[in-house]
Protein chains: 2
Amino acid sequence: MLQKRIDDQPSISPEMVREAQGILHQHLKKVGLKQTAQRDTILRTFLETREHLSTDELHRLVKKKDPKIGYTTVYRTLKLLAECGLASEVAFHDGIARYEHQYNRRSHHHMVCTDCGSSVEFFSNEVERLEQDIGRKYHYLTTRHTFQIYGVCEDCRKKNGVRRLV
Amino acid sequence: MLQKRIDDQPSISPEMVREAQGILHQHLKKVGLKQTAQRDTILRTFLETREHLSTDELHRLVKKKDPKIGYTTVYRTLKLLAECGLASEVAFHDGIARYEHQYNRRSHHHMVCTDCGSSVEFFSNEVERLEQDIGRKYHYLTTRHTFQIYGVCEDCRKKNGVRRLV
DNA sequence: GGTGATCTTGAAAATGAAATTCAAATTCAG
DNA sequence: CTGAATTTGAATTTCATTTTCAAGATCACC
């Protein structure tokens with residue numbers, strides 16, 4: 001899946017990787033699980049990405065570093081990372097679970113082109129505030145939200161003329 | 001799945017059902033498909049609900065009216081209804097596709113309790129405006145958006161004490 | 001450093017919702 | 001009416017996800 005960058009951020013630094021590993025190791029200890037080389041490799045690979053990765057896509061990247069690591073381990077580690085806040089699920093609408101790392105990144109949302117599948121990220125403080133407001137109003141203790149906009153990007157509109165105006 | 005009503009709206013009127021059937025029939029004709037008693041029954045049953053229904057849940061309701069209607073037909077009809085705008089998918093986070101009818105209802109969003117699965121609906125003009133704004137900014141022709149808030153409702157917090165603060 | 005209870009791993013199997021298949025039944029244009 | 005085309009629904013297939021299990025790795029305790 002393509003992604004158009006709106007703002008280029010530097011790729012993650014070694015210190016950040018170390019800090020993220022610290023977070024993971026602390027979480028593992030807390031819930032009585034063990035550190036393993038596989039889990040560290042998967043975390044490092046994950047941090048190096050800036051896409052929205054399916055388990056399968058991450059597994060493919062991980063195998064380049066250690067071909068012996070299996071799909072199941074990637075799948076389980078991704079859940080662990082989500083548990084300790086290092087990863088978060090982004091559900092697009094295609095029946096595949098995707099994850100992205102939130103490490104040192106501003107909270108953001110996605111606008112997805114329903115034609116070509118490319119996406120842009122955008123930021124909105126209003127949405128964050130809205131989560132708080134609505135939660136307070138109906139007495140929910142909110143933990144997170146999802147906000148996606150679907151539409152057709154400029155390129156696809158040019159490519160397809162007016163046919164696709166839905 | 002439970003749903004706490006925030007505002008009770010009258011259930012759908014006969015005229016609205018007729019109008020909805022008109023929309024479906026027109027759509028069927030347009031794409032070269034045929035009217036059937038099953039499709040009408042499924043539409044009528046669907047319009048009588050105000051929940052977010054999975055295919056399975058709607059199938060169960062439909063069977064009360066006509067036990068011979070199968071799951072597959074409900075599944076396919078729901079896709080048809082979505083095609084002509086009578087139904088829209090609401091993706092919560094549990095891997096099950098749900099639909100709700102938009103017929104004569106204000107655009108709204110959902111806040112879902114991650115503990116008990118109940119949900120409240122809320123309205124926000126800000127979110128609608130945001131779709132427009134962001135679309136304009138990045139030159140997307142937007143068609144729709146999804147916005148869900150996840151959290152723990154008051155009841156579950158009381159029930160579970162502080163254990164579940166996530 | 002051992003040691004062993006516990007956890008991890010990963011291939012394979014199971015699961016389950018969604019999607020497809022196919023033969024019999026139904027629709028509808030002419 | 002007729003028949004070409006579509007629909008139906010049980011059964012099957014698909015495919016991402018989740019679980020299982022036996023062999024291997026980890027680490028708390030000595």
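Chain letters run A, B, ... following the sequence lines, proteins first, then strands; residues in each count from 1. Predicted model only: the values in this text are computed from it and were never measured.
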Can you measure [X] atom [atom1] to [N] atom [atom2] for me and round it to whole angstrom units?
X	N	atom1	atom2	result
B/Arg76	C/dA17	CZ	P	18 Å
A/Leu78	C/dG10	CG	C1'	16 Å
A/Leu28	C/dT8	CG	P	8 Å
A/Glu89	D/dT18	CD	C1'	14 Å

Checklist entry - Considering only heavy atoms from C-beta outward, does the side chain of B/His25 approach that of B/Asp40 to under 4.5 Å? => result yes
Next on the checklist: Counting the atoms with a prime plus P, OP1 and OP2 as sugar-phosphate, which does B/Lys79 contact under 4.0 Å by heavy atoms, base, sugar-phosphate, or nothing?
Outcome noted: sugar-phosphate
Checklist entry - Which word best sums up how the rings of B/Phe122 and A/Tyr138 line up, parallel for under 30°, tilted for 30 to 60°, or perpendicular for over 60°? => result tilted
Checklist entry - According to the interplanar angle, ranging from 0 to 90°, do the rings of A/Tyr71 and A/Tyr75 count as parallel (below 30°), tilted (30 to 60°) or perpendicular (above 60°)? => result parallel
Item to check | Earlier contact from the 5' end, DNA chain C, for B/Ala37 and B/Tyr75 | outcome: B/Tyr75
Next on the checklist: Assuming nearest nucleotide by heavy-atom distance, tell me which of B/Thr55 and A/Leu80 is located more 5' along DNA chain C.
Outcome noted: A/Leu80
Would you indicate, yes or no, if [N] has its OP1 or OP2 atom less than 4.0 angstrom from a side-chain nitrogen or oxygen of [X]?
X	N	answer
B/Thr36	D/dT7	no
B/Thr72	D/dA11	no
A/Tyr71	D/dT17	yes
A/Arg39	C/dT9	yes
A/Gln38	C/dG10	yes

Item to check | Pair of N/O donor and acceptor under 3.5 Å linking C/dT6 base with A/Lys34 side chain | outcome: yes
Item to check | Working for salt bridge (charged side-chain N to carboxylate O under 4.0 Å, His left out), residues A/Lys30 and A/Glu83 | outcome: CA-CA 12 Å; A/Lys30 202 178 78 184; A/Glu83 265 177 44; over 6 Å; no
